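Below: the structure, in structure tokens.
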Protein chains: 2
Amino acid sequence: MSKERHTVEDVAREAGVSLMTVSRTMNGRPGVGEETRRRVLEIAARMGYRPSPVARGLASRRASSLGIVLPDLANPFFSILAKAAVDEARGRGVNVFIINTDERPSLERAAYASLREERIAGVVVAASRLPARHLREEAASFDWPVLVNSLVTGAGIANVDVDDEAGIFEAVSHLLGAGRRHVAFVAGPRESGSARRRVAGYKAGLAAGGIAFDPELLVRAKPDIEGGMRSVVALLSRERRIDAVIAHNDITAIGVLRGLEAAGRGIPSDVAVIGVDDIPYAALVRPSLSTVRIDIPELGRRAMAALLDLRDGKVFEPGPCLRPELVLRESSGG
Amino acid sequence: MSKERHTVEDVAREAGVSLMTVSRTMNGRPGVGEETRRRVLEIAARMGYRPSPVARGLASRRASSLGIVLPDLANPFFSILAKAAVDEARGRGVNVFIINTDERPSLERAAYASLREERIAGVVVAASRLPARHLREEAASFDWPVLVNSLVTGAGIANVDVDDEAGIFEAVSHLLGAGRRHVAFVAGPRESGSARRRVAGYKAGLAAGGIAFDPELLVRAKPDIEGGMRSVVALLSRERRIDAVIAHNDITAIGVLRGLEAAGRGIPSDVAVIGVDDIPYAALVRPSLSTVRIDIPELGRRAMAALLDLRDGKVFEPGPCLRPELVLRESSGG
DNA sequence: TATAATCGCGTTAGCGCTAACGTAATCCTC
DNA sequence: GAGGATTACGTTAGCGCTAACGCGATTATA
């Protein structure tokens, strides 16, 4: 009605009930009769009353907002993930703090500290860059931790995962089936769960194809375009016969594409390249990038849905891993 | 020291002063002697005391966090902008709520309501999609509104802008100079300040080149890849002789690229294409995209710096517009 | 029918901090 | 050297909400 902000007290007075009855009603908690509840709700709506999340956070020691922590907002994978997650939360009336850690473990820890100070009780942690021990510790400091693509599990931790290993396995198998014999792998950060699983898939794929794993063909790179470019230099200095590269993700793979071009290698004639994620730009770069497709919005939605369910006291059922899918484009000679 | 969370009271007791002296000290407010201040600070640090932003927000009616509102987090322009802005804020110890409005005015208004409920006093609004009247109203509801690329100005509003008009003017001039005669323009959302200024630059460029503005060659599109693709269909149905297209931004331009390919037009042989922003993928698509380059991180930093300065009581000096720069690549036949 | 359990609500006491005002001491100023 | 201004604190009263407990009335349980 008026422009003023109302408080519980206003509503209580208007409805002729106590503060707690209004509080209980607004929070959907038991202890209010059906008719009273309806009346309070109606009056609150009419007055335009909206509970103050700040006061609520202080009194209950628990903020209504949630958090999402991710390593690189400039990577479309994460920005699309975040967008989907935030949309899911908004659908349920919840605000989300997005925190970008810039791939730096120290900033990731600062992020958790900061979320705790804000009394945020639930977080989605996408692709943590923290060692398992530390991540488990940090996760335990929240009421509802949801870890996306992490190896850290445990009681009280919800995990939402992609079957990374299967995805890379398929990519390797495809390349070997197409006659490639020197398949290199540009791995992601050592502490990343996805990175580990993808490496495992790489090794498994090689083994299944009867090719011995050669440590010289495995390099680690910062997961961005720059890192991908640099990794090519490292790889070619070790083994000139490389005829295929699988990268940790698409932006790294795009860097690999550029690095190979700079080195004068033809794609896919000399070297095939496959990425992971299928960010929108994978289909648009030259040559178009073959990739292990992940349904990014679905992943974001699932993670946030898990978090919201936990918050609402529902039990979390892990559900099946998201299955990635090999998408063949020019870069693999598909 | 201990794992417990301390409160002002603990620190006050330890330092033998009152609550307010601690409060004033922690907020850097006057009214505390030099020596007392030092001692309180030292004790607080030793105890690991960190003021609760929630309690502070409630008591002072003003949250310590800030907000940034943007239309599409999946557009690299905005995710890079947000990343830079958030980095700038983190450097000064401030958390930021990122809110994605999905290009929908209704969600944008909901975003402001939500920020107000959280008692957030300062916002960076990037590329608002609200009509001027509404945006001005919303901006006025915050203590420190910073508008990026908006036409809305006024007392108490800080503006951080790109010289969009000059950028597009240069692009048009280049195309006309290269002999193109039917330069179309794919404009952004009607309410966007950038969109209007870019259209103005387009018309000015045509005029300067002695070409009459043809309304048939101006279409509006949702500023994403999909929108860009669709706009090509609309344009070609109106005027088959089009030999150049300038798009509102790079992702739209990338859509235009695909749309033209689908229509069997050669780029740049038949049609030249120029975008705006120079997102990282502009250089990587096929053909590589000519664009009006904007220093996105700088824009984000400036906006957040302006906001932080306002918050700290400094006066805001607009400073010069960010100058965009024409970057010629394959798509314009450069 | 006595007893307990439940329901529907109210009262009280904070959550951790700051705004606003109070006060005693010191400092000018003419 | 009286009166006003200034400095350096302290005290009080909330901010708007919820946890925890209280209490009478109704409904199961034995």
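Numbers restart at 1 for each chain; the letters A, B, ... are given by sequence-line order, proteins then strands. It should be emphasised that the depicted structure is a prediction, and the values quoted were computed from it without experimental measurement.
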Test side chain to side chain contact (heavy atoms under 4.5 Å, CB included) applied to E103(A) - qualifying residues, sequence neighbours left out:
P71(A), D72(A), R129(A), P189(A), K222(A), P223(A)
Protein-nucleotides 25-28 of chain C N/O pairs under 3.5 Å:
none

Results of salt bridge (Lys or Arg N to Asp or Glu O under 4.0 Å) for R56(A) - residues two or more places apart only
none
Should T36(A) be listed as having a side-chain N or O under 4.0 Å from OP1 or OP2 of dC9(C)?
yes
In a table with atom names and distances, give each donor-acceptor pair under 3.5 Å that connects a side chain of residues 33-41 of chain A to protein atoms at least two apart or in another chain.
residue	atom	partner	partner atom	Å
R37(A)	NH2	R29(A)	O	2.8
R39(A)	NH1	A15(A)	O	2.6

Tell me every residue that passes side chain to side chain contact (heavy atoms under 4.5 Å, CB included) with L147(A), counting only those two or more places apart in sequence or in another chain.
V125(A), L135(A), S150(A), V152(A), I157(A), N159(A)
Audit row: S65(A), E118(A), side chain to side chain contact (heavy atoms under 4.5 Å, CB included) steps and yes/no:
CA-CA 9 Å; S65(A) 299; E118(A) 298 279 0; over 6 Å; no
T21(A) side chain N/O closer than 4.0 Å to the phosphate oxygens (OP1, OP2) of dG10(C)?
yes
Partner set under side chain to side chain contact (heavy atoms under 4.5 Å, CB included) for D10(B), not counting sequence neighbours:
H6(B), T7(B), R13(B), M47(B)
I'd like to check the side chain to side chain contact (heavy atoms under 4.5 Å, CB included) partners of S106(B); sequence neighbours left out, ordered by chain and number.
R104(B)
Need one value for G33(B): base, sugar-phosphate or nothing, where a base atom within 4.0 Å counts as base even if backbone is also close, heavy atoms only.
sugar-phosphate
Taken in chain and number order and not counting sequence neighbours, the residues that satisfy side-chain hydrogen bond (donor to acceptor under 3.5 Å, both in side chains) with N149(B) are S194(B)
Between atom CD in E34(A) and atom C1' in dG8(C), what is the gap in whole Å?
12 Å
Donor-acceptor pairs under 3.5 angstrom involving side-chain atoms of residues 295-309 of chain A: please list them, not counting sequence neighbours.
residue	atom	partner	partner atom	Å
D295(A)	OD1	E298(A)	N	3.3
E298(A)	OE1	R301(A)	NH2	3.2
E298(A)	OE2	R302(A)	NE	3.1
R302(A)	NH1	P320(A)	O	2.8
D309(A)	OD1	R92(A)	NH2	3.1

Quick one, give me the B/S/- string for nucleotides 12-19 of chain D, reading 5' to 3', where B means a protein heavy atom under 4.0 Å from the base and S means that only happens at the primed atoms, P, OP1 or OP2.
--BBBBBB
With sequence neighbours left out, which residue pairs that include part of residues 49-103 of chain A fulfil the ring pair (Phe, Tyr, Trp, His ring centres under 6.0 Å) condition?
F97(A)-F97(B)
Once pairs are restricted to Watson-Crick or G-U wobble with both distances under 3.5 Å, how does DNA chain C read as a dot-bracket string, [ ] for crossings and | for other-strand pairs?
|..|||||||||||||||||||||||||||
